[in-house]
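Read the structure below first, then the notes.
What you see is a predicted model, and the numbers here were worked out from it, not measured in a lab.
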There are 2 protein chains.
Amino acid sequence: MKTRSPRAPTRLPTKFRILNASERLFAERGYEGVSLRDIARDADVEVALVSYHFGAKQELFRHVIARRSAEHADRVLAALERERLEAPTGVPSLDRIIFAFCSGSFELARLPDAGWKHYLQLIARSAMSPVNTPALKPLNSAYGPVVRRYCEALRQAAPRLRDGDLYTAFYWIQSIVQRMVAETGILDRQSRGLCRSGDYESHLTRLVPFAAAGITALIPARTPRRKPTTAPPGIRSQ
Amino acid sequence: MKTRSPRAPTRLPTKFRILNASERLFAERGYEGVSLRDIARDADVEVALVSYHFGAKQELFRHVIARRSAEHADRVLAALERERLEAPTGVPSLDRIIFAFCSGSFELARLPDAGWKHYLQLIARSAMSPVNTPALKPLNSAYGPVVRRYCEALRQAAPRLRDGDLYTAFYWIQSIVQRMVAETGILDRQSRGLCRSGDYESHLTRLVPFAAAGITALIPARTPRRKPTTAPPGIRSQ
DNA sequence: GTCTATAATGAGATAGAC
DNA sequence: GTCTATCTCATTATAGAC
């Protein structure tokens, strides 16, 4: 009776089917919102095979993350390296650093393979959890270098930016990028259809000047000789 | 045997205990990550009482949202109204609009009553879900007016800003505010303790100039007679 | 309003035949 | 590698005594 797409000419190997289904469902409903039975049904596979191939549910989740995290991190880092090579001084401008960071993810989000989109939705969701979700530890080790290298680049591009401002601003850019690739549909609704979640060209051409100008506004004024009126020098933009 | 904090001098009514526990746990682990038993244990109440007072789990969730959403929305709207009254022209500047929007939530996040923090974490988490989580419908109706009024205010403050840029930029500010009040601890770790999630004074004094300059950078150049060199003039802050 | 008890379902995981 | 069958436990929800 229960034949699974009979005579499917090209049926992916079971492990792949399970990983793809897990990726999609975890992204949509979160780790606890998905049962192994949901995954097996979506993958058109017997329930027992999920445990057979991946062990416990948490291990399955780890595999879903591990399959793409290194490639994603490498890609975002490579985009920065490219900017370094193309910059005459070897120090890319704020614009270019932000461009590299955003496009590294945006390009994956709009690939025809929806798997990347699901993966990005999944990590965006995991990074919003205020408690240690099972995803956080592997994500931290995979993306730690990305954060470090980008913050170093920002430091070189804006040497007078304060440390706290630098880390916070980079965190905000992360927050924006993650929420864009999450494609929640909220932007579409709030703009009454004028903006579309999947329009990454528009997002990129807006986000680069937005964030670059935002960071620039946080750079303190250069060596104020006269004592400032009330606030410490350059606390409010300019 | 199973006495619940015997002789507690002031024990909140059961309905409140259940709501508070639900709010906290839903925020930490998400809707599906929490069982009614978890909630009953945390509230120090019998499991059956949860169903008795609130019916099904989804109804309980709805009550958790409904308890605070109207007050939150009102507060954020009132902050904008205050700026309107204080502005000489009746049209607050970009800075002041952004200040009103952010401080309306930040002030609640740092109240001694941790309930507000949990509520804000909960809606931040819900707003990251790429699929219709049970929270989204009530949240949309509660916060729809907030989005509308703030976008109108931005439109007045920056009349030449394009519609798409306006909605997108406001969405980004929302994204930042929500991730800050979620207090995931990620910023703290990435900055190696230099920035603290709970330091809303710093967040506010950084976010206002950052976002105002970011939006300003998106305003098209005024009637450019000569073709701009590379970037449109006025791309950097105000 | 509160508690005990239980019904009904679904969960994760494993054993063993093929 | 795959499938059937099953174990054990936790889940939501309700019924009924107090």
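- Residues B:E152 and B:R155 are not paired through a salt bridge, judged by the lack of any N-O separation under 4.0 Å between the basic side chain and the carboxylate.
- The backbone N or O of B:D38 sits less than 3.5 Å from a side-chain atom of B:S35, completing a donor-acceptor pair.
- For the segment residues 18-31 of chain A, no residue has any heavy atom less than 4.0 angstrom from an atom of DNA chain C.
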Taking only N/O atoms, report every protein-nucleotides 13-16 of chain D pair under 3.5 Å with atom names and distance.
unit_1 : atom_1 : unit_2 : atom_2 : d
D:dA13 : OP2    : B:K57  : N      : 3.0

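- Applying the 6.0 Å contact sphere to CZ of B:R196 captures no more than 12 heavy atoms from other residues, nucleotides or ligands.
- For B:T14, no side-chain nitrogen or oxygen approaches OP1 or OP2 of C:dG1 to under 4.0 Å.
- B:R29 contributes no side-chain N or O that, together with a main-chain N or O of A:V131, makes up a donor-acceptor pair within less than 3.5 Å.
- The interatomic distance linking B:L49 (CG) with C:dT4 (C1') rounds to 12 Å, in whole Å.
- Of all heavy-atom pairs spanning A:A153 and A:I97, the tightest one is O-CD1, 3.4 Å.
- Atom CG of A:L60 and atom C1' of C:dA13 are 13 Å apart (whole Å).
- Rounding to whole angstrom units, CD1 of residue A:I39 and C1' of C:dA13 are separated by 14 Å.
- Residue B:E46 contributes atom CD, which lies 11 Å from atom C1' of C:dA5 at whole-angstrom precision.
- Considering only residues two or more places apart in sequence or on other chains, A:E23 meets the side chain to side chain donor-acceptor pair (under 3.5 Å) condition with A:R67, A:R68.
- Shortest non-hydrogen contact noted between B:I18 and B:V50 is CD1-CA, 3.9 Å.
- Counting heavy-atom neighbours within 6.0 Å of A:R62 CZ, excluding the residue itself, gives a total of 12 or less.
- Between the CD atom of B:E32 and the C1' atom of C:dG12 there is a distance of 17 Å, rounded to whole Å.
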